[in-house]
Each structure stands twice: as C-alpha cells, then as structure tokens.
Amino acid sequence: GFVYQEGTIVDSLNLDGEIVTPKWLMSGGASELPSVQAFGWRDSFEFRITAAFGKYGEAFLKGFIERCAVVAANFAAAEAGATLASVPVLTADETKSVLALSKGEELEYDASKTFVDLFLGQVEARPDAVAVVDSSGAELSYAELDARSSALAAELEKLGVKPGGFVGLMLPRTADFPVAMIAVQKCGAGYVPMDSEYPADRLAYMLENSEAPVLVTTRALFGGKKIVFGGKVVFVDDLHLSSTPAPVNLSTPDTPAYMIYTSGSTGKPKGVVLPNRALTAMLAWFVRDCDIRPGKKNLSITSFSFDASVPDLFPPLAAGGELHILSEELRKDLEGVHDYAAKVGATGLTTSTQLGLALVNTYPDLPLDYMMLGGEKMVPFAKTPVRMLNGYGPTEFAVCSSYHEVDQSKTYDIPIGRAVANTWSFVVDKLGALVPAGMTGELALAGPQLADGYWKLPEKTASVFV
C-alpha cells in the first residue's frame with residue numbers, strides 16, 4: 001500500500017511555552033504487503049515503511065524505500081497533472097543502463113531480401129550442390145529444388161494462389177515439404193503447416209479460417225483424414241515436376257512467409273502470421289551465430305506444425321548448406337536420430353530441451369556443432385563438445401528472441417540469455433513501463449522479427465501487439 005498525507009509535518013510544537021518533539025509510534029502489526037507512508041516536512045519528504053521483516057529481507061526493504069524516493073523525485077519533476085502511474089520508477093542513468101541491457105547487438109543485413117531471394121542466390125552460386133536429403137534416400141540439388149518448386153508454383157498460381165494469401169501443406173516428412181514450402185513463397189503467399197496427426201475437424205478449421213484456396217497433400221494422407229474442404233487439392237503423388245517453367249518470385253518483405261496455428265488450449269486455434277521481413281531478420285543472426293554455410297548439415301526433427309522447425313528448414317537453404325529431413329518414425333527414435341546424425345556428419349539441429357538433453361546425456365559422441373534447445377527450463381547435463389544454446393521465444397517473434405550459450409565449465413542456473421541481434425527484450429510492469437534491473441515483470445519484445453499479428457483477430461492483435 002502507498003499513502004500520501006497532504007500537509008506539512010512539523011518537527012516540534014510549542015505548547016504553552018513548552019517545546020514538544022513529536023515521536024513516531026507504530027500502530028498495529030505489519031500487513032502481509034509492505035505499507036509505505038510519505039510525510040511532507042517543511043523542506044523535504046520522509047518515507048516510512050511498515051513490513052513483516054520475517055518475510056522481507058533488509059536489503060529488499062532498503063531497495064524498496066530507495067525506489068520510492070526515486071518515484072517521489074520523478075513525480076516532483078513531472079508536469080502538472082501527471083498521475084503517479086505515469087511517473088518512471090527509474091532514474092535517467094538507470095533508464096540508459098536498462099535500455100542498453102535490453103538491446104541486442106546491431107547486425108547489418110539486407111532487409112529487402114526474402115528467404116526466396118537468399119535461396120535463389122545459392123541456386124546461382126552452387127546449382128549442383130546437395131540441398132535436401134530425406135531419410136528415405138531422396139536427394140535434391142539446389143537446381144533441382146529450384147526447378148521443382150517453380151513448377152509447383154506455376155500450378156498453384158493457376159489454381160488461384162495470390163500474393164498475401166495462404167496455402168495449406170499436409171505432407172509427410174520427405175523432400176516434398178521444402179519443395180512445396182518454397183513454391184508457396186515464390187507465389188508471394190505463406191504456407192500453413194498442417195500435421196496429419198491433428199483431428200480432422202481441427203485441420204478443416206485451419207483451412208477454412210486461413211481462407212486457403214489450395215491444399216497440397218498426398219492421396220494417402222487426405223483420404224485417411226476425410227477432411228471437408230471446398231478448395232482445390234493438389235496431390236504431390238500425381239505431379240510431374242520435371243518441367244522448367246519461367247522463374248517466379250513474388251515474395252516481398254511484407255508478404256507472409258508462413259502462418260502457424262497455436263494450440264488453441266483456451267479456445268479456437270489462432271493463426272500467427274509471420275511476414276518475410278521477420279524471417280529474414282531471424283536468418284541474419286542465426287546463420288552467423290550457428291556458423292551455417294556450405295558443407296554444414298542441419299537435421300530437421302521437429303514437427304513442421306511448430307515454429308521450432310523453422311531454424312532447421314530455412315537457414316541451411318539460405319546459406320548453401322544441406323537440409324536433412326528425418327521421417328516421422330525416425331525423428332521420435334533417440335537412437336535413430338543419433339545414428340543418422342553420425343552417419344551423415346550432421347552439424348546442427350533445433351529441438352525441445354527434453355529431447356536435446358536426452359541426446360547429449362545418452363550419446364557423448366554426437367557429431368553436432370550446436371544444438372538450439374527451448375520449450376522447457378534447461379537443467380545441468382553431461383559435458384559435451386556440442387555448443388548448447390538455451391533459446392527462448394514466442395511464435396509471435398520469429399521463433400527465437402534470446403538465447404544463452406551454456407558455459408559447461410560451471411554449474412549454474414541457466415538463463416534464457418540476451419536479446420538476439422537487432423531486437424530488444426524489455427522487462428516491464430503491468431502498465432508497460434521499464435522496471436529496474438533485478439525486478440520481476442513481463443517480457444516485452446520489439447524488433448523486425450515481430451509477427452504481423454493474429455489472423456482475422458484485430459482486437460486480440462491490438463491487445464498484444466502494442
């Protein structure tokens with residue numbers, strides 16, 4: 001509680017010629033929460049705090065009362081009519097320090113490029129290099145991946161796919177997925193990944209809600225789900241993508257890259273729309289920090305319906321590396337993942353903290369350069385030569401907003417790290433104001449990785465994207 005008593009308190013009273021000095025008396029016991037009272041003297045203010053010392057330490061209470069003094073000073077300097085809620089709780093120097101702590105490093109990159117632009121650059125530079133491999137043995141070079149995706153893009157355009165729209169992808173974990181993913185983006189549209197293990201009514205809702213005119217799938221998956229869909233269905237089984245249509249690339253920084261539907265635990269699933277500018281911003285630091293380049297091999301073991309699949313699908317194809325897609329069965333087999341990684345000399349992957357720690361704790365000979373983990377709190381693990389990155393980030397911020405590289409020579413409480421390049425991670429109070437270093441609050445993210453919002457939910461978007 002906070003109380004301000006208007007008026008001036010005197011330090012002495014003259015009672016019939018006798019000078020009397022007031023004494024402060026505590027009345028009653030301390031409340032559950034600290035109580036602050038502000039008293040105005042002739043030329044100063046005095047703050048007094050009442051608290052249960054058994055619950056709050058002396059250092060906390062001292063810091064708390066000092067913070068009250070900062071608020072009072074800022075309030076006194078504020079313009080007439082200012083409310084207490086609008087007064088900063090930081091000094092000017094503290095504000096500069098907190099802002100510096102919240103900011104990721106500045107990294108130059110070409111924000112006018114989309115993933116498709118970056119991919120086409122690799123096609124031109126190394127057309128015969130391996131681009132995609134799946135665990136069935138299928139392999140596509142950069143030139144083949146480009147040709148196939150262009151041929152499918154031409155088919156999608158004929159069926160009404162336009163820039164700014166969406167296309168549903170319900171495909172097995174084979175080389176067909178990146179072909180379709182790139183084809184959709186070449187049309188200037190965003191792909192909507194649809195896990196065939198989802199219930200049919202959820203898949204139908206995603207297609208209806210996204211207003212996708214086309215679903216790309218296989219006959220086996222589509223027939224098995226019996227989805228009610230009024231749009232066009234493209235079966236990759238029936239396609240012969242050997243033609244070489246005219247190159248197409250209608251992607252721009254503002255067109256959608258993909259839309260991920262959240263779990264919908266509190267109601268209908270919400271579609272989070274990520275534009276190409278957000279994906280390109282993420283690629284800029286991820287490719288550099290994880291040293292993804294020609295010769296590097298990323299394993300894709302995360303469901304395509306989760307945004308954690310993005311760091312393995314896009315960075316290798318944007319930087320000249322290889323994308324290795326493990327089948328549905330293999331990706332759930334710990335020993336199988338290890339054996340495949342060892343066989344091909346895999347260098348990186350992104351997965352859940354639980355699965356990643358199980359891999360390093362079980363197999364000390366993992367050949368990986370790095371693992372980016374997230375989704376659960378990271379706990380101590382067996383020492384490994386693999387760089388272990390503890391990542392954090394919501395779907396609404398292009399996968400990862402911060403990460404921490406674990407120092408394996410120490411045992412400590414592993415944090416989620418600092419803001420990634422060109423972004424900001426602020427800790428704020430319920431009113432959105434910065435809080436002092438060390439104080440708890442809500443995490444607010446800013447920067448080019450930000451999503452456009454929630455698809456067809458303007459009120460929800462306005463309440464979250466401020």
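Start at 1 with the first residue, then count along the sequence.
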Are Val89 and Glu94 close enough, and set up right, to give a side chain to side chain contact (heavy atoms under 4.5 Å, CB included), and what steps lead you there?
CA-CA 9 Å; Val89 298; Glu94 286 176 328; over 6 Å; no

Using the side chain to side chain contact (heavy atoms under 4.5 Å, CB included) rule, take Glu328 and Glu197 through it: C-alpha gap first, then chi angles, then the decisive distance, then the call.
CA-CA 11 Å; Glu328 193 66 34; Glu197 295 186 356; 3.6 Å; yes

Does Glu105 form a salt bridge (charged side-chain N to carboxylate O under 4.0 Å, His left out) with Arg288? I'd like the steps, not just the answer.
CA-CA 13 Å; Glu105 68 169 299; Arg288 183 201 63 175; 2.6 Å; yes

Give the intermediate values and the outcome of salt bridge (charged side-chain N to carboxylate O under 4.0 Å, His left out) for residues Glu396 and Lys270.
CA-CA 11 Å; Glu396 293 86 343; Lys270 298 186 293 293; over 6 Å; no

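Considering every non-hydrogen atom in both Val161 and Pro213, the closest pair reads CG2-CG, 4.2 Å. Of all non-hydrogen atoms in Asp307 and Val399, the two that sit nearest each other are O-CG2, 3.4 Å. Of all heavy-atom pairs between Thr262 and Arg202, the closest is O-NH2, 3.0 Å. Contact record, Leu373 with Gly356: CD2-CA, 3.7 Å, taken as the closest heavy-atom pair. Across Leu431 and Ala85, no two heavy atoms sit closer than the pair CD1-CB, 3.6 Å. In plain terms, the two heavy atoms of Ala419 and Lys103 that are nearest each other are CB-C, 4.3 Å.
Atom CD of Glu405 has more than 12 heavy atoms from other residues, nucleotides or ligands within 6.0 Å. By the 6.0 Å contact criterion, NZ on Lys430 is open, its count of non-hydrogen atoms from other residues, nucleotides or ligands being 12 or less. Around NZ of Lys456, the count of heavy atoms belonging to other residues, nucleotides or ligands within 6.0 Å exceeds 12. Atom CD of Glu335 is surrounded by 12 or fewer heavy atoms from other residues, nucleotides or ligands within 6.0 Å. The environment of Glu124 atom CD is sparse: at most 12 non-hydrogen atoms of other residues, nucleotides or ligands sit within 6.0 angstrom.
A donor-acceptor pair is defined here as one N or O able to donate and one able to accept, closer than 3.5 Å; no such pair exists between the side chain of Thr423 and the backbone of Gly447. Between the side chain of Thr280 and the backbone N or O of Lys113 there is at least one donor-acceptor pair closer than 3.5 Å. Judged by distance alone, the side chain of Gln408 and the main-chain N or O of Lys383 form no donor-acceptor pair under 3.5 Å. Under a 3.5 Å cut-off, the side chain of Thr461 and the backbone N or O of Tyr454 do form a donor-acceptor pair. Between the side chain of Thr302 and the backbone N or O of Thr350 there is at least one donor-acceptor pair closer than 3.5 Å. Using modelled atom types, no side-chain atom of Asp333 and backbone atom of Leu330 make a donor-acceptor pair closer than 3.5 Å. Judged purely by atom type and a 3.5 angstrom limit, Arg418 uses its side chain to pair as donor or acceptor with the backbone of Leu101. One N or O on the side chain of Tyr412 and one on the backbone of Asp407 form a donor-acceptor pair closer than 3.5 Å. No side-chain donor-acceptor contact under 3.5 Å links Asn74 to the backbone of Val87. Between the side chain of Asp134 and the backbone N or O of Gly137, at least one donor-acceptor pair lies under 3.5 Å.
With 3.5 Å as the limit, one finds a donor-acceptor pair spanning the side chains of Asn276 and Thr255. No side-chain donor-acceptor contact under 3.5 Å links Asp312 and His324. Inspection of the Asn209 and Tyr261 side chains reveals an N or O donor paired with an N or O acceptor under 3.5 Å. With hydrogens and angles left out, the side-chain atoms of Ser150 and Lys186 include a donor and acceptor closer than 3.5 Å. With 3.5 Å as the limit, one finds a donor-acceptor pair spanning the side chains of Tyr370 and Asn298. A side-chain N or O of Arg173 and one of Ser300 form a donor-acceptor pair less than 3.5 Å apart.
Under the side chain to side chain contact (heavy atoms under 4.5 Å, CB included) test applied with Tyr205, the options Ser210, Pro199, Pro269 reduce to a single match, Pro269. When Val123, Leu120, Val130, Val132 are each tested for a side chain to side chain contact (heavy atoms under 4.5 Å, CB included) with Tyr142, only one passes: Val123.
Applying the ring-ring contact (aromatic ring centres under 6.0 Å, His included) rule to pairs touching residues 271-320 yields Phe115-Phe314, Phe177-Phe304, Trp285-Tyr403, sequence neighbours excluded.
Of the charged side-chain nitrogens involved, at least one lies within less than 4.0 Å of a carboxylate oxygen, so that Arg277 and Asp254 count as a salt-bridged pair. Remark: Lys332 does not engage Glu329 in a salt bridge, criterion side-chain N to carboxylate O under 4.0 Å.
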